[in-house]
Amino acid sequence: MNKVRNKYSKFMGLWLATLFLGVFCASGVKADGPGYLVAEVFSIPDYNTKVPDNSFTDIGIDGKTGNISLVNDYAWSEIPYKNGKLNFKRSFIAPTKGYKLKAIANNPNGVYVFDVLANSIMADRKNYKVSVKINNPTGMAYHKGKIYVADKSTGKIYKLRLIKGRAEVMQTFKAHNSICGLASDGSFLYSCDSNNIYKYDFDMNKTLIYKLNVFISGITLSGPGEILAIAKNKRKIYRFKF
């Protein structure tokens, strides 16, 4: 009887350990395993204008106002965001004629935006001409004093420094397939494809993958343990907690 009890105890201990490990991995805590994030969904209003607003390509947070900023090839939209609440009643959309804005990065004093037509980064009423041609910038982040830009067409991430009206390439890294966004929490860099978010270590190695239950086209870090994403081909914003 004791032998049976001992075998049963060992079996239960192994089963509980396996169960615990599965929960641990699913929470996104394990550094070398996938996490799973479920989206909280917010619908962007129909602004009833001639400006296309059915989908946006990137999302950022204005460091000065706290507003959520959205871009597509034709428009710029802002949504006040405070204490975890989106104020759609005070949001707006505006055309960006003469510019083709593809990516946004959070800026302590506002935002950085990438204009494809000029191949430049705009911030603080200044333009910084990029030293290489970036045809399809699908993500941008301000990370530890430098700008990181993902170019989906070349499969590269560029580390840039802004100096004297130019954005000069400092380093180049290989991007994962279908990269569509970049973000920073001040310590770590993050990227995404349509339904995964990746976290990088200090050597630009991917250390963690968050799998998503929705499809996205851009991300931003909006606070500790909080990611906002813009939906792919939908007028929606997703919020993830991790």
Side-chain angles (χ1 to χ4, degrees), residues 23-40 57-64 66 68-69 81 84 102-114 121 123 134 137-152 155-162 167 169-230 237-242:
V23 173
F24 191 60
C25 290
S27 69
V29 176
K30 193 168 185 285
D32 59 353
Y36 301 90
L37 302 180
V38 177
E40 185 180 359
T57 56
D58 205 4
I59 183 170
I61 298 289
D62 188 312
K64 190 173 183 179
I68 294 171
S69 302
Y81 186 59
K102 296 290 287 188
I104 307 177
N106 299 358
N107 175 345
N109 300 310
V111 290
Y112 294 99
V113 290
F114 197 107
I121 295 170
I134 298 181
T138 54
M140 185 163 63
Y142 176 74
H143 182 59
K144 296 185 176 181
K146 302 297 185 291
I147 300 292
Y148 289 70
V149 178
D151 186 354
K152 187 176 180 179
K156 295 179 180 179
I157 298 173
Y158 298 95
K159 179 181 178 181
L160 309 170
R161 65 176 177 180
L162 306 184
V169 175
M170 299 178 65
Q171 285 180 277
T172 304
F173 308 96
K174 184 179 179 180
H176 56 78
N177 292 336
S178 304
I179 189 167
C180 66
L182 287 175
S184 172
D185 63 6
S187 298
F188 296 98
L189 190 70
Y190 298 78
S191 68
C192 66
D193 57 30
S194 62
N195 63 333
N196 296 283
I197 294 175
Y198 305 87
K199 182 179 180 180
Y200 295 83
D201 64 15
F202 297 105
D203 296 317
M204 288 296 289
N205 298 310
K206 295 191 292 293
T207 61
L208 193 147
I209 302 173
Y210 294 106
K211 294 188 177 296
L212 311 178
N213 68 324
V214 291
F215 294 96
I216 63 174
S217 66
I219 56 173
T220 188
L221 268 292
S222 48
E226 181 181 285
I227 294 175
L228 294 180
I230 190 68
I237 291 173
Y238 300 129
R239 180 163 63 193
F240 304 98
K241 301 286 188 176
F242 65 100

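Note that the structure is a prediction, hence the values are computed from the model and not measured.
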Looking at side-chain heavy atoms only, is the closest gap between [X] and [Y] below 4.5 Å?
{"X": "Y112", "Y": "L162", "value": "yes"}
{"X": "Y148", "Y": "I157", "value": "yes"}
{"X": "I61", "Y": "I68", "value": "yes"}
{"X": "F173", "Y": "Y158", "value": "no"}
{"X": "I230", "Y": "I216", "value": "no"}

Look up atom [atom1] in [X] and atom [atom2] in [Y], then write down how far apart they are to the nearest 0.5 Å.
{"X": "F242", "Y": "I197", "atom1": "CZ", "atom2": "CD1", "answer": "8.0 Å"}
{"X": "D62", "Y": "Y81", "atom1": "CG", "atom2": "OH", "answer": "14.5 Å"}
{"X": "K102", "Y": "D151", "atom1": "NZ", "atom2": "CG", "answer": "11.0 Å"}
{"X": "L189", "Y": "D201", "atom1": "CG", "atom2": "CG", "answer": "10.5 Å"}
{"X": "Y200", "Y": "H143", "atom1": "OH", "atom2": "NE2", "answer": "11.0 Å"}
{"X": "K241", "Y": "E40", "atom1": "NZ", "atom2": "CD", "answer": "7.5 Å"}

Partners passing salt bridge (charged side-chain N to carboxylate O under 4.0 Å, His left out) against K206 (at least two apart in sequence or in another chain) =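 Testing K206 for salt bridge (charged side-chain N to carboxylate O under 4.0 Å, His left out), a comparison that skips the adjacent residues, returns none.
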Residue pair [X] / [Y]: nearest heavy atoms and the distance that separates them:
{"X": "S194", "Y": "C180", "answer": "N-SG, 4.0 Å"}
{"X": "I104", "Y": "G60", "answer": "CG2-CA, 3.9 Å"}
{"X": "P137", "Y": "A103", "answer": "O-CB, 4.1 Å"}
{"X": "N109", "Y": "K64", "answer": "O-CB, 3.7 Å"}
{"X": "S69", "Y": "V111", "answer": "OG-CG1, 4.1 Å"}
{"X": "K152", "Y": "S178", "answer": "CE-CA, 4.0 Å"}

query = For the ring pair Y210 and F240, is the centre-to-centre distance below 6.0 Å?
reply =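 No, the ring centres sit 6.0 Å or more apart.
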inquiry  = For V149 and M140: C-alpha separation, side-chain torsions, deciding distance, then whether side chain to side chain contact (heavy atoms under 4.5 Å, CB included) applies.
reply    = CA-CA 4 Å; V149 178; M140 185 163 63; 3.8 Å; yes
task = Give the C-alpha distance, both sets of side-chain angles, the deciding distance and a yes or no for side chain to side chain contact (heavy atoms under 4.5 Å, CB included) between L221 and I227.
result = CA-CA 5 Å; L221 268 292; I227 294 175; 3.9 Å; yes
key: All side chain to side chain donor-acceptor pair (under 3.5 Å) counterparts of D193, not counting sequence neighbours   =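 D193 satisfies side chain to side chain donor-acceptor pair (under 3.5 Å) with N196, Y198 only.
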key: Listed once per pair and sorted, the side chain to side chain donor-acceptor pair (under 3.5 Å) pairs that draw on residues 212-225, sequence neighbours left out   =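 Found N106-T220, S222-E226.
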